**Q** 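For reference, the structure I am asking about is given below.
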Amino acid sequence: MIDFARIQSLAESPVPPQKHLINGVAQASTNGASLDVFSPRNGEVLTRIADGTAADVDLAVVAARKAFDSGVWANQPPFARKKVLMRLADLIEEHAYEIAVLGVRDNGTEIGMALKAEPGSAAGTFRYYGEAIDKINGEVAPTGPNHLGLVLRQAIGVVGVIVPWNFPLMIGAWKIAPALAVGNSVVLKPSETASLSLLCMAELALQAGIPEGVFNVVTGKGSVVGEAIGLHDDIDVLAFTGSAFVGRKLMEYSARSNLKHVYLELGGKSPNIVFADAPDIDEAVAAAVNGIFRNSGQVCVAGSRLLVEKSIHGDFVEKLKAGAEGLTVGDPLDPVSDVGAINSEVQLDKNLDYIAIADDDGATRVTGGERILQDSGGYYMSPAVFDNVSSDMRIAQEEVFGPVLSVMPFEDEADAVRIANSTVYGLAAGVWTSDLSRAHRMIQKVRSGVVHVNCYGGTDITVPLGGMKQSGNGHDKSLHALDKYTALKTAWIAI
Ligand code: NAD
């Protein structure tokens, strides 16, 4: 049961100007600069964040390295680190409303979803990796009698983490929790349009007992702070979630600097495929609407391409239209809003540009695609459905990252697979069918990191999330994520 009275009381409280967190101390930028933070709810300035520089990144990396080398965190026994991470999870839950409301004022996600996906999921993630670390063993290799081969997993050192503006706390925790759990130090750069909830969490991490210098946050522009992290010679691993455009740059930065390991969780153009034998068409429609319009489509796994078998296509699109038009778009802190705000005016303009491109390319606009609620001063858009989209259209190929759905009719299973795989991305997919064999064939043939069957978008911390093709490399979540933050070391011992 959501406490809306509490939300209202937190909604208008002033937010003081924010600083970096370096070596356990809140610090202004070395050059004193700061950036306005605009709230997407109403377009007003919510607060200011420190506008970091390469010098600030360097201070944070020096602190992180010093903390790592001192062993103040890395050399604590796993059960001791576990206790601290559990305490952090508890603190996140105790402050869930403050964190979620602050995050919504910063990035525009609907409050119901934000409570669950942000503090809720972050707390669960810290608990999951806290619980895991004293249960992971090394290996003894099956060598002959004259040698002992030990395979050890060690913390790597300093991990740079760069995250986007959608679900910053959840996505941040997916990287920070496993990196810290195994003993690394972290330098985090949040998005300039969604830093506040992560700064709040970093303060709680100190309270929980993460030693100074182990978890640092530098805010500011991607082109400055992000680039400085990417190029830093003393960062060992870079864990990134964001666009493929920036992911490419990070690989270049690594090549130009110390060849740091770069793990990328990138964009998607995910196909949600509905066969005529779907077990429940109305459920498929509801999931398709939810799968693209929740959080205004600002979801990496959003089902932005809806492939519908020709025999049911007409009726399906009618139901989709009704579903999209039935959504209430509005203030993300208002309990009646199904869909909140677009994160920034820049992103809203990008979405509207794609609407014009799809119109020009000849897709059929069924509904939506307009800027709305302009009187509020905020960034809102009506959910858009395009029909008769073909694979060669830009709207079928490029990630919009907004509330824009492309419907693509298909003939048969082979046609569905061909269309589904005809983008450079491979993050998520959905398949709706009553035919078990077909479901398994589709799981095998669709090239994406996750395939949902007779549902869309559900997940859990216990399963990995990662992309194929240009949707990235490596995985967040599950025990597999620990691979990114540990080095395997062999000890070969003569007996
Ligand atoms: P973005 O790539 O523009 O920015 C992501 C982060 O990179 C931000 O912190 C930004 O400041 C920083 N950055 C920007 N330029 C940089 C540079 N030159 N060097 C280093 N860092 C730089 O992405 P966004 O608009 O914040 O987020 C949306 C994107 O994130 C979408 O493509 C979406 O699909 C993707 N995403 C992917 C996943 C996933 O798990 N695969 C999850 C969420 C979002």
Side-chain angles (χ1 to χ4, degrees), residues 35 40 49 51-52 54 57 106-109 117-118 121 160-175 187-195 198 217-232 235 238-254 256-257 260 262-270 292 295-304 342-344 346-351 398-402 423-428 448-450 457 459 463-478 481 484:
L35 291 172
I49 53 169
D51 187 9
V57 169
D106 199 10
N107 83 342
T109 299
E118 289 283 271
S121 144
V161 173
I162 302 179
V163 290
W165 42 260
N166 68 318
F167 306 115
L169 209 64
M170 176 177 81
I171 291 172
W174 288 347
K175 299 173 193 305
V187 175
L188 166 72
K189 182 227 168 298
S191 165
E192 45 276 57
T193 61
S195 298
L198 282 164
V217 186
V218 182
T219 56
K221 299 188 199 83
S223 55
V224 179
V225 176
E227 182 183 88
I229 289 175
L231 287 170
H232 205 290
I235 290 181
L238 183 51
F240 173 75
T241 296
S243 62
F245 176 77
V246 175
R248 252 190 196 90
K249 284 180 188 267
L250 294 174
M251 286 199 149
E252 275 177 45
Y253 299 153
S254 167
R256 280 165 51 199
S257 56
K260 58 180 68 62
V262 178
Y263 295 105
L264 304 174
E265 300 286 338
L266 307 176
K269 196 74 203 175
S270 300
I292 181 64
N295 198 24
S296 301
Q298 302 167 134
V299 178
C300 56
V301 295
S304 54
I342 306 296
N343 174 256
S344 66
V346 173
Q347 182 64 36
L348 175 59
D349 288 344
K350 181 182 159 200
N351 295 349
E398 298 174 22
E399 185 186 43
V400 178
F401 215 57
T423 77
V424 296
Y425 293 111
L427 192 56
S448 64
V450 55
T459 187
V463 290
L465 173 69
M468 290 186 176
K469 302 196 278 183
Q470 292 183 31
S471 287
N473 60 351
H475 291 88
D476 280 337
K477 302 165 61 208
S478 82
K484 299 197 286 194

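Because the structure is predicted, anything quoted here is derived from the model rather than measured. Counting starts at 1 for both ligands and their atoms, in listed order.
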**Q** Would you call Leu198 and Leu169 a side-chain contact if the rule is heavy atoms closer than 4.5 Å?
**A**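 Yes, close enough: below the 4.5 Å cut-off.
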
**Q** Tell me, please: is Leu250 in heavy-atom contact with ligand 1, that is, under 4.0 Å?
**A** yes

**Q** Relative to ligand 1, is Phe240 under 4.0 angstrom through side chain, backbone, both or neither, heavy atoms considered?
**A** side chain

**Q** Among protein heavy atoms, which lies nearest atom 17 (C) of ligand 1, and at what distance?
**A** Gly222 O, 3.3 Å

**Q** Quick one: look up the protein heavy atom nearest atom 38 (C) of ligand 1 and list residue, atom name and how far away it is.
**A**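 The closest heavy atom on the protein side is Cys300 CB, 3.0 Å.
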
**Q** Run the contact test for Tyr253 against ligand 1 with a 4.0 Å cut-off on heavy atoms, strictly below, and give the result.
**A**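 It does, in that a heavy atom of Tyr253 comes within the 4.0 Å cut-off of ligand 1.
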
**Q** Does Gln347 reach the main-chain N or O of Phe401 with its side chain, forming a donor-acceptor pair under 3.5 Å?
**A**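 Checked: pair present.
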
**Q** Measure the distances from the heavy atoms of Pro190 to every atom of ligand 1 and state whether one is below 4.0 angstrom.
**A** yes

**Q** Using a 3.5 Å distance criterion without hydrogens, assess whether the side chain of Asp476 forms a donor-acceptor pair with backbone atoms of Lys175.
**A**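 Answer holds: no.
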
**Q** Which residue and atom name correspond to the protein heavy atom nearest atom 33 (C) of ligand 1, and how close is it?
**A** Phe401 CE1, 3.2 Å

**Q** Does Phe245 reach ligand 1, in the sense of a heavy atom lying below 4.0 Å from it?
**A** no

**Q** For ligand 1, which atoms have a heavy atom of Leu427 less than 4.0 angstrom away?
**A**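 In order of numbering, the contacting atoms are 41 (N).
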
**Q** Decide yes or no for Ser448 and Met468: does some side-chain heavy atom of the first lie under 4.5 Å from some side-chain heavy atom of the second?
**A**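 Side chain of Ser448 against side chain of Met468, heavy atoms only: no contact under 4.5 Å found.
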
**Q** Quick check: do Pro40 and Ile342 have side-chain heavy atoms less than 4.5 Å from each other?
**A**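 No, every pair of side-chain atoms sits at 4.5 Å or beyond.
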
**Q** Backbone, side chain, both or neither: what part of Leu465 comes under 4.0 angstrom of ligand 1, heavy atoms only?
**A**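 Only the side chain of Leu465 comes within reach of ligand 1.
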
**Q** Between Glu118 and Met170 (side chain of the first, backbone of the second, donor and acceptor by atom type, cut-off under 3.5 Å), is there such a pair?
**A**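 Checking the backbone N and O of Met170 against the side chain of Glu118, a donor-acceptor pair under 3.5 Å is found.
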
**Q** If the cut-off is 4.0 Å to any non-hydrogen atom of Glu399, which atoms of ligand 1 fall inside it?
**A** 31 (C), 32 (O), 33 (C), 34 (O)

**Q** Which atoms of ligand 1 sit under 4.0 Å from any heavy atom of Ser243?
**A** 1 (P), 2 (O), 3 (O), 23 (O), 29 (C), 30 (O), 32 (O)

**Q** Looking at Gly267, which atoms of ligand 1 are within less than 4.0 Å of one of its heavy atoms?
**A**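 Those atoms are 32 (O), 34 (O).
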
**Q** With heavy atoms under 4.0 Å as the rule, classify the contact between Gln298 and ligand 1 as side chain, backbone, both or neither.
**A**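 None of Gln298 does.
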
**Q** For Ile162, counting its heavy atoms only, list the atoms of ligand 1 lying under 4.0 Å from any of them.
**A**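 Heavy-atom distances to Ile162 below 4.0 Å select 6 (C), 7 (O), 9 (O), 12 (C).
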
**Q** Under a 4.0 angstrom heavy-atom cut-off, which atoms of ligand 1 come close to Glu227?
**A** 19 (N), 20 (C)

**Q** Is there a donor-acceptor pair closer than 3.5 Å between any side-chain N or O of Ser471 and the backbone N or O of Gly267?
**A**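 Yes.
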
**Q** Starting from atom 27 (O) of ligand 1, locate the nearest protein heavy atom and write down its residue, its atom name and how far away it is, to 0.1 Å.
**A** Pro164 CB, 3.2 Å

**Q** Side chain, backbone, both or neither: which part of Trp165 has a heavy atom under 4.0 Å from ligand 1?
**A**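 Looking at Trp165 and ligand 1, atoms from backbone and side chain both fall under 4.0 Å.
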
**Q** Sub-3.5 Å donor-acceptor pair from the side chain of Glu399 to the main-chain atoms of Gly268, do we have one?
**A** yes

**Q** For a quick test of reading the model, state the closest non-hydrogen atom pair linking Ile292 to Ala302 and the distance between them.
**A**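 Where Ile292 meets Ala302 most closely, the heavy atoms are CD1-CB, 3.9 Å.
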
**Q** When you measure from the side chain of Asn473 to the backbone of Leu264, do you find a donor-acceptor pair of N or O atoms at a distance under 3.5 Å?
**A** yes

**Q** Could you tell me whether a side-chain N or O of Lys221 sits under 3.5 Å from a main-chain N or O of Glu192, the two making a donor and an acceptor?
**A** no

**Q** Just to confirm my output: which protein heavy-atom neighbour is closest to atom 41 (N) of ligand 1, and how far is it?
**A**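 Atom 41 (N) of ligand 1 sits closest to the protein heavy atom Leu266 O, 2.7 Å.
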
**Q** Does only the side chain of Asn166 get under 4.0 Å from ligand 1, or the backbone, or both, or neither? Count heavy atoms.
**A**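 Near ligand 1, Asn166 shows its side chain, while the N, CA, C and O stay back.
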
**Q** Using a heavy-atom cut-off of under 4.0 Å, does the side chain or the backbone of Glu265 touch ligand 1, or both, or neither?
**A**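 For Glu265, the contact with ligand 1 is made by both the backbone and the side chain.
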
**Q** Checking the N or O distance criterion of under 3.5 Å, is ligand 1 in contact with Glu192?
**A** yes

**Q** Distance under 4.0 Å to a non-hydrogen atom of Ile171: what atoms of ligand 1 satisfy this?
**A** 42 (C), 43 (C)

**Q** Determine if the distance from atom 4 (O) of ligand 1 to the closest protein heavy atom is below 4.0 Å.
**A** no

**Q** If we ignore hydrogens and angles and just use 3.5 Å, is the side chain of Lys189 paired with the main-chain N or O of Val57 as donor and acceptor?
**A**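 Pair absent, no side-chain N/O of Lys189 close to backbone of Val57.
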
**Q** Enumerate the atoms of ligand 1 whose separation from the nearest heavy atom of Thr241 is less than 4.0 angstrom.
**A** 5 (C), 36 (N), 37 (C), 38 (C), 39 (C), 42 (C), 43 (C), 44 (C)

**Q** Nearest 0.5 Å please: distance from the OG1 atom of Thr193 over to the CG atom of Asn343.
**A**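 Going from OG1 on Thr193 over to CG on Asn343, the span is 3.5 Å.
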
**Q** Around atom 9 (O) of ligand 1, find the nearest protein heavy atom and jot down its residue, atom name and distance.
**A** Val163 O, 2.8 Å

**Q** Counting distance only, does the side-chain N/O of Lys260 pair as donor-acceptor with the main-chain N or O of Gly230 below 3.5 Å?
**A**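 Yes.
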
**Q** In terms of residue, atom name and distance, what is the protein heavy atom nearest to atom 35 (C) of ligand 1?
**A** Gly242 O, 3.2 Å

